[in-house]
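If you're wondering where the values come from, they're calculated on a predicted model, not measured in any experiment.
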Amino acid sequence: MTSQTPPSSHPFAALAEAVPAFGAAVRRHDAGDLPGARAAYLDLIDQPGLTAVCLHQLGLIAAARGDNPRAAELFRRAIRLEPQQPLAYHNLRAALERAGDPAGAMAALVDLGCILYNQPDFGQAAGVFRQVIGRDPLNYAAHVNLGTALAWLGENREAAHHLLLGMELYGRLVREVGNFARMIEERLAGWLDLPPGHDLLPPGLPSGAIEKVEDALTTLGKLLNDAGHGDTAMLCLRKSVEMAPGFALGHWNLSLALLASDDFEQGWREYEWRWHWDRFPEPRRLLPLPLWRGEPLEGKRILVWAEQGFGDAIHFAPLVLRLRQQGAEVVFEVPVPLARLFRHSFPDVTVIERPDNPHGLTCDAALDFVVPLMSLPHRLGLRPEDRPLGESYLRPCPDDAAAWAARLPDGGKPRVGIVWAGRPQHADDARRSISIDRFRPLVALDTVRWHSLQVGPAQTALARFPEVDDLSPHLKDFADTAAAISRLDLVIGVDTSVIHLAAAMGKPVWQMAREPADWRWSGGGESSPWYPRMRIFRQNKAGDWKAVVAEVAAALAGQFPGHAGAADDGDDDSKSR
């Protein structure tokens with residue numbers, strides 16, 4: 001007996017269940033009733049949301065009847081309507097192969113890999129690009145795309161190998177690129193483990209789409225920087241913007257490498273290219289006001305708007321006070337969770353909440369200039385020696401501090417706060433956030449009292465750790481979190497906004513840093529020039545949190561001998577510099 005609905009493994013099972021008529025057509029198709037299924041798909045093809053999938057199914061029927069050119073055309077039409085459906089590319093490739101069009105089939109396979117990459121499914125994408133290279137070792141796009149996917153997967157050596165292969169192929173058309181690729185290979189020969197006099201590619205000209213060598217250059221530069229080959233990385237990143245001066249991603253990656261090497265003058269200038277990168281997560285605001293580029297500010301009113309993550313806003317917030325020092329009246333627009341804390345901490349600045357519409361304003365006062373917060377380092381000429389930007393510049397509100405003094409009174413064991421995960425939307429969250437289960441060796445230490453500062457989806461995992469006091473029900477915004485931190489003796493966690501907050505309050509902070517670390521924690525060592533009371537525990541190998549946690553546990557065991565659990569009231573009068 002035929003099942004009433006397609007099995008859940010069917011690629012269109014959800015649609016078949018939601019639209020009974022389509023489900024009936026699929027059942028006919030699966031049962032081998034091709035004429036009946038074709039008629040049913042044609043009846044449904046004009047319905048909203050069904051056109052592309054019906055074209056795809058009609059393509060399958062055409063292929064089953066041996067009409068592969070017709071099948072390929074139907075799959076192409078389906079792709080034009082829904083270009084993000086990997087199955088259509090897979091079936092298009094098969095139809096083109098059967099139709100005797102190997103070049104078209106190869107192009108469809110490359111497109112399939114690109115769709116998987118953009119979803120992003122880097123593992124599946126890498127598998128597809130390997131297939132392409134297995135059939136066509138001279139395919140430029142496949143080598144570059146495979147290298148890029150492998151870089152996201154952390155397979156840096158193999159990624160570099162394929163990116164260099166792509167550059168060598170490009171170099172067969174543009175000698176300058178070929179010479180550059182060979183120079184990079186020589187510099188990296190030991191790391192890549194290349195045999196002397198190696199021949200990486202068979203003879204011949206590159207095939208496939210031959211364009212945008214700057215993509216290969218900037219990706220290679222980024223992964224080499226992450227892998228600790230800073231000088232060679234810088235050569236690649238500079239070459240990428242030399243080859244394509246308008247290549248925004250190349251400038252962005254170059255900026256991060258420059259900042260990591262303390263070249264602030266050029267680094268912050270290159271950082272301005274973020275607004276030209278189409279995948280930058282922050283929208284470029286279209287405000288009908290002049291952008292401040294360093295003009296005199298005496299008697300002027302300027303709007304500074306916080307951008308990117310909460311941690312960035314906390315980290316660079318002291319720079320608004322430098323505008324005050326220039327005689328400006330400053331309006332500081334921040335996300336709602338930061339507003340209450342910033343109003344108390346910066347009484348000489350007007351703090352407002354950021355509107356939902358990025359192109360709108362909630363400030364009624366007349367403004368002379370606007371500027372994004374992360375453009376201030378460039379506009380103000382920030383230098384490495386200007387760090388730290390401030391000390392103990394964030395303070396909890398007095399009423400909040402009093403409430404938390406009652407909630408966490410003095411006495412008893414030292415109190416340690418923990419946070420193990422950031423926002424899932426962060427581009428590198430998979431590498432910076434960890435499971436709370438990694439903290440088991442820490443919370444097993446009963447010489448301290450453990451308190452969780454974690455909020456968001458990761459907080460639910462705390463149910464497995466009854467020995468940790470969950471503070472999240474009382475943490476509605478960063479002002480609440482600051483007041484809670486004021487009652488703690490130490491905060492331990494991964495690179496998140498809470499770590500920035502504790503450090504900006506002048507609290508002892510132990511950061512567990514991933515490898516590669518964010519640009520601001522580069523340079524190695526345990527200390528940070530940004531935050532005087534931060535200690536950094538670094539991964540020696542990417543993904544190895546076990547060794548980091550063991551090091552933290554050992555340090556913690558000797559940290560509080562005879563400690564009575566004293567804490568500050570969070571309302572000192574220390575000022576930002």
Side-chain angles (χ1 to χ4, degrees), residues 241 245-246 248 251-277 280-335 338 342 345-346 348-352 354 358-359 361 363 365-391 393-394 500 504 518-520 529-530 575-577:
V241 298
H251 285 282
W252 168 250
N253 284 332
L254 176 59
S255 77
L256 300 182
L258 289 166
L259 293 175
S261 64
D262 280 358
D263 185 347
F264 278 20
E265 182 177 359
Q266 186 180 359
W268 289 119
R269 183 168 63 248
E270 293 288 339
Y271 198 84
E272 293 300 290
W273 276 87
R274 66 196 185 279
W275 302 118
H276 302 285
W277 179 31
F280 189 63
E282 185 84 16
R284 186 173 188 176
R285 299 182 74 178
L286 304 176
L287 300 176
L289 292 160
L291 183 65
W292 184 62
R293 300 185 181 279
E295 297 89 341
L297 289 174
E298 185 68 40
K300 303 294 185 180
R301 182 182 289 119
I302 184 171
L303 172 76
V304 181
W305 52 275
E307 55 168 299
Q308 302 181 56
F310 295 126
D312 294 293
I314 292 169
H315 187 180
F316 289 93
L319 293 183
V320 301
L321 300 180
R322 302 192 184 193
L323 303 181
R324 287 281 299 142
Q325 293 168 2
Q326 294 187 23
E329 180 181 341
V330 179
V331 179
F332 193 12
E333 184 190 87
V334 302
L338 288 170
F342 279 17
S345 299
F346 304 113
D348 295 332
V349 172
T350 301
V351 176
I352 63 174
R354 185 169 178 178
H359 306 305
L361 280 172
C363 178
L367 296 166
D368 296 293
F369 298 105
V370 297
V371 65
L373 176 64
M374 298 298 288
S375 289
L376 288 182
H378 175 50
R379 303 290 197 271
L380 295 169
L382 191 70
R383 303 165 301 171
E385 56 266 32
D386 293 330
R387 298 171 295 181
L389 303 183
E391 296 184 28
Y393 55 86
L394 293 183
H500 279 281
D518 184 73
W519 66 267
R520 72 198 80 200
W530 295 104
K575 300 295 184 180
S576 301
R577 295 200 284 143

For [X], all residues meeting side-chain contact (heavy atoms from CB on, under 4.5 Å), sequence neighbours excluded:
X: Asp262; result: Phe264, Pro384, Arg387
X: Glu329; result: Arg301
X: Leu256; result: Trp252, Tyr271, Trp519
X: Val241; result: His251, Leu254

Quiz item: Is there a side-chain contact between Leu319 and Leu382 (heavy atoms, below 4.5 Å)?
Solution: yes

Practice problem: State, yes or no, whether a side-chain contact exists between Leu303 and Ile352 at a heavy-atom distance under 4.5 Å. | Solution: yes

Using ring-ring contact (aromatic ring centres under 6.0 Å, His included) as the criterion, list what pairs up with [X], not counting sequence neighbours.
X: His276; value: Trp273
X: Phe332; value: Phe342
X: Phe310; value: Phe478

Practice problem: Please list all pairs passing the salt bridge (charged side-chain N to carboxylate O under 4.0 Å, His left out) test where one or both residues lie in residues 286-299, with sequence neighbours left out. | Solution: none

Exercise. Measure across Trp292 and Gln326 and return the closest heavy-atom pair with its distance rounded to 0.1 Å.
Key: CZ2-OE1, 4.1 Å

N/O donor to acceptor pairs below 3.5 angstrom from side-chain atoms of residues 283-291, sequence neighbours left out:
unit_1: Arg285; atom_1: NE; unit_2: Pro358; atom_2: O; d: 2.4
unit_1: Arg285; atom_1: NH1; unit_2: Glu333; atom_2: OE1; d: 2.4
unit_1: Arg285; atom_1: NH2; unit_2: Glu333; atom_2: OE1; d: 3.2
unit_1: Arg285; atom_1: NH2; unit_2: Pro358; atom_2: O; d: 3.3
unit_1: Arg285; atom_1: NH2; unit_2: Gly360; atom_2: O; d: 2.8

Residues in side-chain hydrogen bond (donor to acceptor under 3.5 Å, both in side chains) contact with [X], at least two apart in sequence or another chain:
X: Glu272; result: Arg274, Ser375, Arg379
X: Asp518; result: Arg520
X: Glu282; result: Arg354

Self-check item: Partner of Leu297 by side chain to side chain contact (heavy atoms under 4.5 Å, CB included), out of Val330, Leu323, Asp368
Solution: Leu323

